[in-house]
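Just below is one structure, and these are the notes that go with it.
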There are 2 protein chains.
Amino acid sequence: MSAELTGIADGEAAGTGTLGKAMAVLEAVVMADGPQRFTDILAKSGQPRGTLHRLLSHLVEEGLLVQRRDLSYEPGLRLLTLASRAWSGNRFRDVAEPHLRKLHELTGETVHLGILRETEIVYVDKVESRQTVRMSSQIGKASPVYCTGIGKAALSLLPQPELERLVARMAFHAFTPHTHRSAETLLAEIADIRRDGHAFDREEHEIEIRCVAAPIRVSGSDLTAGISVTGPAYRVSMEQLTAWSGAVRAAAAAIGEEAAIRLGPGRGGP
Amino acid sequence: MSAELTGIADGEAAGTGTLGKAMAVLEAVVMADGPQRFTDILAKSGQPRGTLHRLLSHLVEEGLLVQRRDLSYEPGLRLLTLASRAWSGNRFRDVAEPHLRKLHELTGETVHLGILRETEIVYVDKVESRQTVRMSSQIGKASPVYCTGIGKAALSLLPQPELERLVARMAFHAFTPHTHRSAETLLAEIADIRRDGHAFDREEHEIEIRCVAAPIRVSGSDLTAGISVTGPAYRVSMEQLTAWSGAVRAAAAAIGEEAAIRLGPGRGGP
DNA sequence: AATCTCGTTCCACATATCGGAACAAATAAG
DNA sequence: CTTATTTGTTCCGATATGTGGAACGAGATT
């Protein structure tokens, strides 16, 4: 989780000028688990005191952060408002939704839609069995590519150079005993995925959780995405997942084609 | 330094330095109804060409915007990720949720939780009858205070000077024939709301939609919020709403007290 | 009272931003 | 086919803007 500090090799994680710094500070606060005091942020961000203070002031003035009575900082409501528009105006999710639903009816398990961003998969929609009213808890959540079905599926669509560029930037964290630990094993599996057209998550991100995923390519757009059917290991065997793989691939293909048509004029992927 | 700039007469968001400009541009794109081309944004933002171009580049580099093949700009996924954290880490919503649910069970109608931000109400949670899986469509949505039950209820908690400062900045847009058109009528109703402890929306925002709302004050925090029970006019009469008002006030009070206790150590309202 | 920690403010300095203007590439018009 | 227009990108000197070390003061701690 603190692999971001590694800017060394890459050299450009440092943030684009002023805006980059502001966003880094914002992220430090938002990604933290509770209200952050000035000193907390000071340590995480590494910015000098004066600079950080002004940065925070600006973020508060913009409504991106809120300062509480005890002077600590929290995420501001403006983030929600911006994201709300970003999400509801997203045509790609709109196109995919009926397909997700169909897949859920077929399998009875949770279905995810995710989009590739850099070295992560961002979940954009979810259809689940027990309809918790919650904002699907995971919408907007970003998970590493190398340990998720959708992630590996999406990677399989990338041209090899691009793939290798991304893989080089990954820090393989072992979430479970089955998580990929090296670029080699990951790249090997990607080759298989290219052949099969679908990917599995064999309890690589969370123990007892499996999934089968298929990549989505939208011709004419450069967005790379994927869908998956996820379930607990005790209920869904690998055989079961394999049996579903055809339906998942078909749904992914359908979404890709439909999106290619309807994404032109309207608002497209994220 | 910005105290005098942000304070009084100016209704324009002058934009706090560089970050302010960047956010203004971001908002212009995000709030638009589709992908925005350079020229579109140029017109809306009023920034000079060179400046705008650099601003957009930075926003894209930060993942806040995405540039499509046809060079037009769209909201980026990073917004979703940030908001996801901002929402799920929000303790206030967490505290309120069971009360919303109870209110829903009692009334059978949709229940909203909203927080006051400047001159708008931002919806933070929602419990509705037909559990659409969707990210409650309205979470994060911002509506004007003067035409929503929660908005008017929240206003009723403000000290008079603060209230007048806000009212002075409102542009009364007539969404329906029943929408407040002037500060006078609004302020008059606020006085009533202070007396009654609850507010109604008499089809002021959307025709055929009514609600009863109560304000939430959290002692020790400076957040002002409210909850409401909303329903279609054909199903919920004003008498019905009045009958529910006691329960709504009670729920609001309970949320306020509980939040005051549990908001200290954890992450509070955004 | 003395010390420490934390947040805020100040100000000389440097640099990132600014924005007009030139440029290139499409698209439309003549 | 040539000329005009629109659209996006790049350049660069001037300067506004952000930078960050240091001083300040309010609370908490001893």
Side-chain angles (χ1 to χ4, degrees), chain A residues 7 11-29 32 34-62 64-74 76 220 222 264-265 268, chain B residues 1-7 12-29 32 34-62 64-74 76 220-222 264-265 268:
Chain A
E12 61 195 320
T16 313
T18 306
L19 180 62
K21 279 180 191 162
M23 290 304 298
V25 169
L26 175 61
E27 186 139 335
V29 175
Q36 298 290 295
R37 290 175 319 170
F38 185 83
T39 319
D40 301 330
I41 310 170
L42 187 63
K44 278 187 228 176
S45 70
Q47 298 288 343
R49 300 167 79 84
T51 301
L52 179 62
H53 190 263
R54 179 178 37 78
L55 239 33
L56 287 169
S57 302
H58 287 175
L59 287 167
V60 168
E61 280 182 66
E62 288 300 324
L64 298 171
L65 289 180
V66 169
Q67 189 165 25
R68 312 200 323 170
R69 285 263 183 85
D70 65 357
L71 302 184
S72 62
Y73 296 86
E74 288 184 325
D222 40 8
Chain B
M1 62 151 190
S2 48
E4 57 273 53
L5 293 181
T6 48
E12 276 289 331
T16 310
T18 307
L19 180 62
K21 278 178 193 161
M23 290 304 300
V25 169
L26 175 61
E27 185 139 336
V29 175
Q36 299 289 297
R37 290 175 317 169
F38 184 85
T39 319
D40 301 330
I41 310 170
L42 187 63
K44 278 188 226 176
S45 70
Q47 298 287 344
R49 301 168 77 87
T51 301
L52 180 62
H53 190 265
R54 178 177 39 77
L55 240 31
L56 287 169
S57 302
H58 288 175
L59 287 167
V60 168
E61 279 182 66
E62 288 300 324
L64 297 171
L65 290 180
V66 171
Q67 189 165 25
R68 312 199 326 169
R69 285 263 183 83
D70 64 357
L71 303 185
S72 62
Y73 296 87
E74 286 185 327
S221 161
D222 39 9

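Chain identifiers are assigned alphabetically (A, B, ...) following the order of the sequence lines, protein sequences preceding nucleic acid strands; residue numbering begins at 1 within each chain. Because the structure is predicted, anything quoted here is derived from the model rather than measured.
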Handout entry: chain B footprint on DNA chain C, 5' to 3' - any atom under 4.0 Å from a heavy atom
Key = C/dT17 to C/dG20
Exercise for the section: Compare every heavy atom of B/Tyr73 with every heavy atom of B/Val29, then report the nearest pair and how far apart it is. Expected result: CG1-O, 3.7 Å
Fill in the blank from the handout: Residues passing the side chain to side chain contact (heavy atoms under 4.5 Å, CB included) test with B/His58, sequence neighbours excluded, are A/Thr16, A/Leu19, B/Arg54, B/Glu61
Exercise for the section: Identify, with sequence neighbours excluded, every residue that meets side chain to side chain donor-acceptor pair (under 3.5 Å) alongside B/Thr51. Expected result: none
Fill in the blank from the handout: By side chain to side chain contact (heavy atoms under 4.5 Å, CB included), B/Arg37 pairs with (sequence neighbours left out) B/Asp40, B/Ser72
Exercise for the section: Mind checking the CZ-OG1 spacing from B/Arg49 to B/Thr39? Nearest 0.5 Å is all I need. Expected result: 7.0 Å
Exercise for the section: Provide, to the nearest angstrom, the distance between the NE2 atom belonging to B/His53 and the P atom belonging to D/dG8. Expected result: 9 Å
Exercise for the section: Give me the residues of residues 37-50 of chain B where at least one heavy atom lies under 4.0 Å from an atom of DNA chain D, by number, or none. Expected result: B/Arg37, B/Phe38, B/Thr39, B/Arg49, B/Gly50
Practice task
Quick one: list whatever passes side chain to side chain donor-acceptor pair (under 3.5 Å) with B/Glu27, sequence neighbours left out.
Solution key: A/Arg78
Problem - Reported CG-to-NE2 distance for the pair A/Leu42 and A/His53, which is rounded to 0.5 angstrom - result: 11.5 Å
Handout entry: Closest contact, heavy atoms only, B/Ser221 versus A/Arg69
Key = O-NH2, 3.7 Å
Handout entry: B/Leu65 side, atom CG; B/Leu55 side, atom CG - distance, nearest 0.5 Å
Key = 9.5 Å
Practice task
For the helix from C/dT3-D/dA28 to C/dG30-D/dC1, figure out the bend between the end axes, five pairs an end, and round to 10 degrees.
Solution key: 30°
Handout entry: Shortest non-hydrogen contact between B/Leu56 and B/Phe38, atoms and distance
Key = CD1-CD1, 3.7 Å
Completion exercise
On a heavy-atom basis, the closest approach of A/Leu52 and A/Ser45 is CD1-OG, 4.0 Å
Handout entry: side chain to side chain donor-acceptor pair (under 3.5 Å) involving B/Gln47 - partner list, sequence neighbours excluded
Key = none
Exercise for the section: Quick one: pull up CG in A/Leu64 and CD in A/Glu62 and give me the separation to the nearest 0.5 Å. Expected result: 6.5 Å
Taking only N/O atoms, report every protein-nucleotides 16-18 of chain D pair under 3.5 Å with atom names and distance.
residue: D/dG18; atom: OP1; partner: B/Thr18; partner atom: N; Å: 2.8
residue: D/dG18; atom: OP1; partner: B/Thr18; partner atom: OG1; Å: 3.1

Practice task
In whole angstrom, give the distance that lies between atom CG of B/Leu56 and atom P of D/dT7.
Solution key: 16 Å
